[in-house]
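Heads up: the structure comes next, in structure tokens.
Just so it is clear, the model here is predicted, and its values are computed rather than measured.
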Amino acid sequence: MMELDGSQSTALVEVNREERNYHPSFSSPDAEVVLAAKNDYVAKASVYFRLHSHNLKTASGFFREMFLLPQNSQLDDGVFYLEEDASTLELLFRMISGLPIPQIDSYDTIDPLLDAIEKYDTPGPLSVVRLLVMTPPLLGQPFRLYAIACRFGWDTEAQYASTQTLSYDLYDKEIRKYLSRLSSAALLRLFDLHRLRREGLRQRLNDPPFVSGGLATCNNCNAVIDYHTWRELKYKIILEMDVRPLGDTILEQGLSGWPEALACWQAKCVQTGCSRALYDKIETLRVIRECIETLPRSITT
């Protein structure tokens with residue numbers, strides 16, 4: 001086998017460098033640091049990024065510390081090989097370099113990006129993501145927003161997301177996969193919010209001006225009346241708060257269409273010649289709405 005002399009060996013290295021698949025937005029020869037995405041690490045058939053070391057050291061605590069180490073121990077053929085895929089690194093490097101970023105509309109993109117942001121200690125991109133998660137359509141997934149907000153200590157975003165979860169039943173099997181991502185503290189705060197709304201409304205429905213739900217005397221004829229219809233409606237209201245703690249379905253459909261509600265509004269004193277309506281529908285709806293609106297709407301921080 002014929003051996004290559006020094007000049008031939010150098011030429012081969014240069015050819016290999018020229019064949020690297022540089023990302024078009026990160027291919028400037030003036031940028032002295034070359035980083036490669038995870039894709040096919042063994043074959044080195046990856047996407048490469050050229051960045052200025054100043055940008056990396058300024059934006060990233062990880063790279064700032066790394067550049068203090070002897071370079072030969074960190075480089076393979078002059079390249080830093082990273083563990084993230086090309087799409088994740090592109091977003092991170094765009095944020096680091098002040099380049100435009102594409103629209104991000106999925107937490108499947110956000111989650112690996114946040115992992116990279118946390119790993120490389122880049123507070124600037126983290127602040128960008130904090131703004132992004134509060135824009136549509138990311139706002140439409142409150143449990144994933146809540147998980148991220150709790151993870152990074154974003155109190156305002158966590159409170160907002162907790163309010164949006166009030167439209168959901170935490171015991172729904174479809175929700176479990178999101179709850180499993182939460183820390184114990186974050187999960188308990190969410191369950192506390194849902195429970196406080198249910199139990200808070202239960203307590204208020206037992207207090208005046210609401211009737212007790214047992215036996216009483218008719219104010220018109222002094223006959224004994226039974227408020228069992230209110231007792232049944234109250235039970236239905238609490239069940240609905242357990243499923244949807246927001247309470248909107250109680251006010252919008254429930255108190256107008258539930259059989260338990262219709263039975264209440266139609267209930268009258270059974271004494272002959274009296275027939276007094278037992279409940280004031282308009283006033284009852286007003287007070288129930290007032291009770292629901294005064295319940296806690298977000299977690300406490």
Quiz prompt | Closest heavy-atom pair and its distance - L92, A116 | solution = CD2-CB, 4.2 Å
Quiz item: Between S46 and K38, which heavy-atom pair has the shortest distance, and what is it?
Solution: OG-N, 4.2 Å
Quiz prompt | Derivation of the side chain to side chain contact (heavy atoms under 4.5 Å, CB included) call for L145 and L138 | solution = CA-CA 8 Å; L145 172 58; L138 298 175; over 6 Å; no
Out of curiosity, does [Y] fall in the hydrophobic cluster containing [X] (side-chain heavy atoms, cut-off under 4.5 Å, transitive links)?
{"X": "L285", "Y": "L201", "answer": "yes"}
{"X": "I101", "Y": "F93", "answer": "yes"}
{"X": "L295", "Y": "F210", "answer": "yes"}

Quiz prompt | Stepwise side chain to side chain contact (heavy atoms under 4.5 Å, CB included) check, V129 with M95 | solution = CA-CA 10 Å; V129 174; M95 293 177 182; 4.2 Å; yes
Quiz prompt | side chain to side chain contact (heavy atoms under 4.5 Å, CB included) evaluation trace for T284 with W265 | solution = CA-CA 10 Å; T284 301; W265 314 142; 3.8 Å; yes
Taking only residues two or more places apart in sequence or in another chain, which ones pass side chain to side chain contact (heavy atoms under 4.5 Å, CB included) with [X]?
{"X": "D155", "answer": "T301"}
{"X": "N220", "answer": "C218, C274, R276"}
{"X": "E174", "answer": "D172, K177"}

Exercise. Any side chain to side chain donor-acceptor pair (under 3.5 Å) involving residues 114-136? Give me the pairs, sequence neighbours left out, ordered by first then second residue.
Key: E83-K119, E84-K119, E84-Y120, D115-R151, E118-R151, R130-E157
Quiz item: Going by the side chain to side chain donor-acceptor pair (under 3.5 Å) test, which pairs reach into residues 90-103, not counting sequence neighbours?
Solution: H23-E90, S25-R94, E90-R94
Taking the side chain as C-beta and beyond, is there a heavy-atom pair between [X] and [Y] under 4.5 Å?
{"X": "M66", "Y": "L56", "value": "no"}
{"X": "T109", "Y": "L113", "value": "no"}
{"X": "Y160", "Y": "V133", "value": "no"}
{"X": "E283", "Y": "R286", "value": "yes"}
{"X": "P112", "Y": "D85", "value": "no"}
{"X": "P245", "Y": "L196", "value": "no"}

For the atom pair [atom1] ([X]) and [atom2] ([Y]), what is the distance rounded to the nearest 0.5 Å?
{"X": "F26", "Y": "L89", "atom1": "CZ", "atom2": "CG", "answer": "9.5 Å"}
{"X": "L35", "Y": "F80", "atom1": "CG", "atom2": "CZ", "answer": "7.0 Å"}
{"X": "Q159", "Y": "C150", "atom1": "CD", "atom2": "SG", "answer": "10.0 Å"}
{"X": "K268", "Y": "L278", "atom1": "NZ", "atom2": "CG", "answer": "8.5 Å"}
{"X": "L126", "Y": "L131", "atom1": "CG", "atom2": "CG", "answer": "10.0 Å"}

Go through the structure and list residues passing salt bridge (charged side-chain N to carboxylate O under 4.0 Å, His left out) with [X], not counting sequence neighbours.
{"X": "E252", "answer": "none"}
{"X": "D108", "answer": "R144"}
{"X": "D248", "answer": "R244"}
{"X": "R297", "answer": "none"}

Quiz prompt | Any donor-acceptor pair under 3.5 Å from S60 side chain to K57 backbone | solution = no
Self-check item: Polar side-chain atom of S298 near backbone of S162 as donor-acceptor pair, under 3.5 Å
Solution: no
Quiz item: In the hydrophobic cluster built from side-chain contacts under 4.5 Å, what are the other members alongside L187?
Solution: F143, Y146, L166, Y168, L170, Y171, I175, Y178, L179, L182, L190, F191, L193, L246, I299
Exercise. Evaluate the criterion side chain to side chain contact (heavy atoms under 4.5 Å, CB included) for residue pair I110 and L114; output intermediate values, then yes/no.
Key: CA-CA 6 Å; I110 290 289; L114 282 173; 3.6 Å; yes
Quiz: residues 255-264 side-chain donor-acceptor pairs under 3.5 angstrom, not counting sequence neighbours:
none

Quiz item: Hey, are D192 and R189 close enough for a salt bridge, meaning a charged N less than 4.0 Å from a carboxylate O?
Solution: no
Quiz prompt | Test applied, salt bridge (Lys or Arg N to Asp or Glu O under 4.0 Å); reference residue, E199; option that passes from R202, R195, R197 | solution = R202
Quiz item: Under 3.5 Å, is there a donor-acceptor pair linking the side chains of T165 and H194?
Solution: yes
Show me the donor-acceptor pairs, under 3.5 Å and distance only, between side chains in residues 225-243 and residues at least two apart or in other chains.
| residue | atom | partner | partner atom | Å |
| --- | --- | --- | --- | --- |
| D226 | OD1 | H228 | N | 3.1 |
| T229 | OG1 | Y279 | OH | 2.7 |
| W230 | NE1 | V211 | O | 3.1 |
| R231 | NH1 | G213 | O | 2.2 |
| K234 | NZ | N206 | OD1 | 2.7 |
| E240 | OE2 | T249 | OG1 | 2.6 |
| D242 | OD1 | R198 | NH1 | 2.8 |

